[in-house]
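Here's the structure, in structure tokens; my notes come after.
Along the sequence shown, residues are numbered consecutively beginning with 1. When a ligand or atom number is given, it counts from 1 through the structure's own listing order.
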Amino acid sequence: MVYDPGKIYRAALIGCGSMGSYCMDELLDAPGRILLPFGHAEILKTHPRTRLVAGADPDRGRLADFGERWEVDALYSDHREMLEAERPEIVAIASPPDFHAPQVVDCAANGVKGIFCEKPFTTTLALADRMIASCRESGTSLAVNHTRRGDPLILRSRRLLDEGGIGQVLSIVATWPGRLFLSGTHWFDLVNYLAGDTPPAWVVGHSEDPEISMVAIPTQRGRDLGGNLYAVYPNGIRAFFNGRDSHAGYRVEVNGTQGVLSIGTTEVRLRKTNSGSVFRELLEHPFPQMMHHTAPMVYLLEDLLEAVETGREPLSNGITARNALELILATHDSSRRGNVKIQLPLQDREMSPPFQWQNPDGSTFYSATAEDGSPPTDDS
Ligand SMILES: NC(=O)c1ccc[n+]([C@@H]2O[C@H](COP(=O)([O-])OP(=O)(O)OC[C@H]3O[C@@H](n4cnc5c(N)ncnc54)[C@H](O)[C@@H]3O)[C@@H](O)[C@H]2O)c1
């Protein structure tokens, strides 16, 4: 495609729930650091290079609210009808994870140029393979909202590592309060990014007991299992993933030969070894100036548009998202088989993580089995 910076894309949304349409309601007054705007409708409506023209959701109440909120008239209960009738060029997918695969495939088959798909990418490696292959066949750019890849703190951290700011990276420890799949996917993806984006050669995992971990948490959209993983990357970096429900907070600690980078949700702390001391104590250093302050989802959308126009892969793409899913699956696989060492890539492409999505009313659960994109039924 010829690069045209003045081009405005026809954009549509599949899944008009919180992340798709109204999460800003909850985030505007939330304490903590969050760079706004956040949420797909908000960025597609306000970005100068996209025009939000349509939305699809089987829940008619949410669909109507989306239409009113964002002044969109073209509303559909079935995303396939929307794709055929509206021919959008950019589509954001913010439905539950079970539906991402069929919806990505449908978008690719209907001439969509760029897809911005929510995390977790999908539920099996076979489905991930199909999503990536469909987009390759149709020339569709596929971006995944592993939001931290667009965060200015993370991008500056990655550059600092490239510049040798803490010497040679030896190990990375990621700690988060939550489970492996629904929230953990962000941390598996982030560590892969910081480790250089070549998947680990082998791993050893330990998932939580389902009796303890498979319970609903009011603030989360589902039931999922926590756990731990030890991973050895081909470049020599070793990583520890530490996702247990009751952890006090989030952080990623990158340990190098000459310093430590501690990445939290609101700040990054840089400490370097006092080389003049036999005790090698760590001394505080200022974190470098940021390169930009763009909100992460806006950064990833702009990155997707550039990918559409140049043919390069988006920064957060189908392959990086499949790599994160593979680590989640490998944790469970190793754990099930007595915490054995698992060589990657995984040969079994059909296994799926134990999780159940929670619908917006908090009452109905269905399991990760739907492959045809049909909405869940009352008794499922
Ligand atoms: N990147 C992030 O930081 C972040 C944060 C929250 C949620 N998410 C992800 O966003 C996605 C949606 O999460 P949410 O919190 O908005 O959930 P939600 O339940 O609020 O919204 C999901 C919406 O999808 C609709 N839906 C169900 N089946 C559908 C179908 N077949 N086609 C179209 N729409 C369908 C539902 O009716 C609902 O309105 C999930 O994948 C979730 O993991 C990402």
Enumerated ligand 1 atoms positioned under 4.0 Å from heavy atoms of Ile14: 33 (C)

Of Asp98, Asp57, Leu300, which has the heavy atom at the shortest distance from atom 39 (O) of ligand 1? Asp57

Straight-line distance of His332 NE2 to Leu327 CG, nearest 0.5 Å: 11.5 Å

Backbone or side-chain N or O of Asp59 under 3.5 Å from ligand 1 N or O: no

4.5 Å side-chain heavy-atom contact, Glu84 and Asn110: yes

Looking only at non-hydrogen atoms, which of Tyr76, Trp357, Phe38 approaches atom 13 (O) of ligand 1 most closely? Trp357

Which of the atoms of ligand 1 are close to Pro96, meaning less than 4.0 Å from one of its heavy atoms? 24 (O), 26 (N), 27 (C), 28 (N)

Heavy-atom contact under 4.0 Å between Met297 and ligand 1? no

With respect to atom 33 (C) of ligand 1, which of Pro296, Ser183, Pro58, Gly17 exhibits the smallest heavy-atom separation? Pro58

Which atoms from ligand 1 have a heavy atom of Gly15 less than 4.0 Å away? 24 (O), 33 (C), 34 (N)

Is any side-chain heavy atom of Tyr250 closer than 4.5 Å to a side-chain heavy atom of His247? no

Which residues satisfy the side-chain contact (heavy atoms from CB on, under 4.5 Å) test with Val260, sequence neighbours excluded? Glu253, Asn255, Ser262, Arg271, Leu282

Where on Phe121 is there a heavy atom closer than 4.0 Å to ligand 1, on the side chain, on the backbone, on both, or on neither? neither

Same hydrophobic cluster for Leu325 and Trp357, using side-chain heavy-atom links shorter than 4.5 Å among ILVMFWY? yes

So, 4.0 Å and heavy atoms of Leu182: is ligand 1 close enough to count as a contact? no

Salt bridge or not for Glu163 and Arg159, using N-O below 4.0 Å? yes

May I ask you to decide if the ring planes of Trp176 and Trp187 are parallel, tilted or perpendicular, using 30° and 60° as cut-offs? parallel

So is there a nitrogen or oxygen of Met19 less than 3.5 Å from a nitrogen or oxygen in ligand 1? yes

Is the shortest side-chain heavy-atom distance between Arg269 and Glu284 below 4.5 Å? yes

For His186, the ligand 1 atoms whose distance to one of its heavy atoms is below 4.0 Å: 1 (N), 2 (C), 3 (O)

Close-contact set for ligand 1 against His100 heavy atoms, below 4.0 Å: 41 (O)

Are the ring centres of Phe121 and His100 closer than 6.0 Å? no

With heavy-atom distances below 4.0 Å as the criterion, list the atoms of ligand 1 near Thr147. 1 (N), 2 (C), 3 (O)

Relative to each other, are the rings of Phe188 and Phe241 parallel, tilted or perpendicular (30° and 60° limits)? parallel

Applying side-chain contact (heavy atoms from CB on, under 4.5 Å), name anything that partners Ala74, two or more places apart in sequence or on another chain. Ala54, Tyr76, Glu86

What part of Ala94 sits under 4.0 Å from ligand 1 if we count only heavy atoms: the side chain, the backbone, both or neither? backbone

Provide the number and element of each atom of ligand 1 under 4.0 Å from a heavy atom of Ser95. 11 (C), 12 (C), 24 (O), 34 (N), 35 (C), 40 (C), 41 (O)

Pick, from Glu118, Gln103, Arg80, His79, the option with the minimum heavy-atom distance to atom 1 (N) of ligand 1. Glu118

Which of the atoms of ligand 1 are close to Asn145, meaning less than 4.0 Å from one of its heavy atoms? 1 (N)

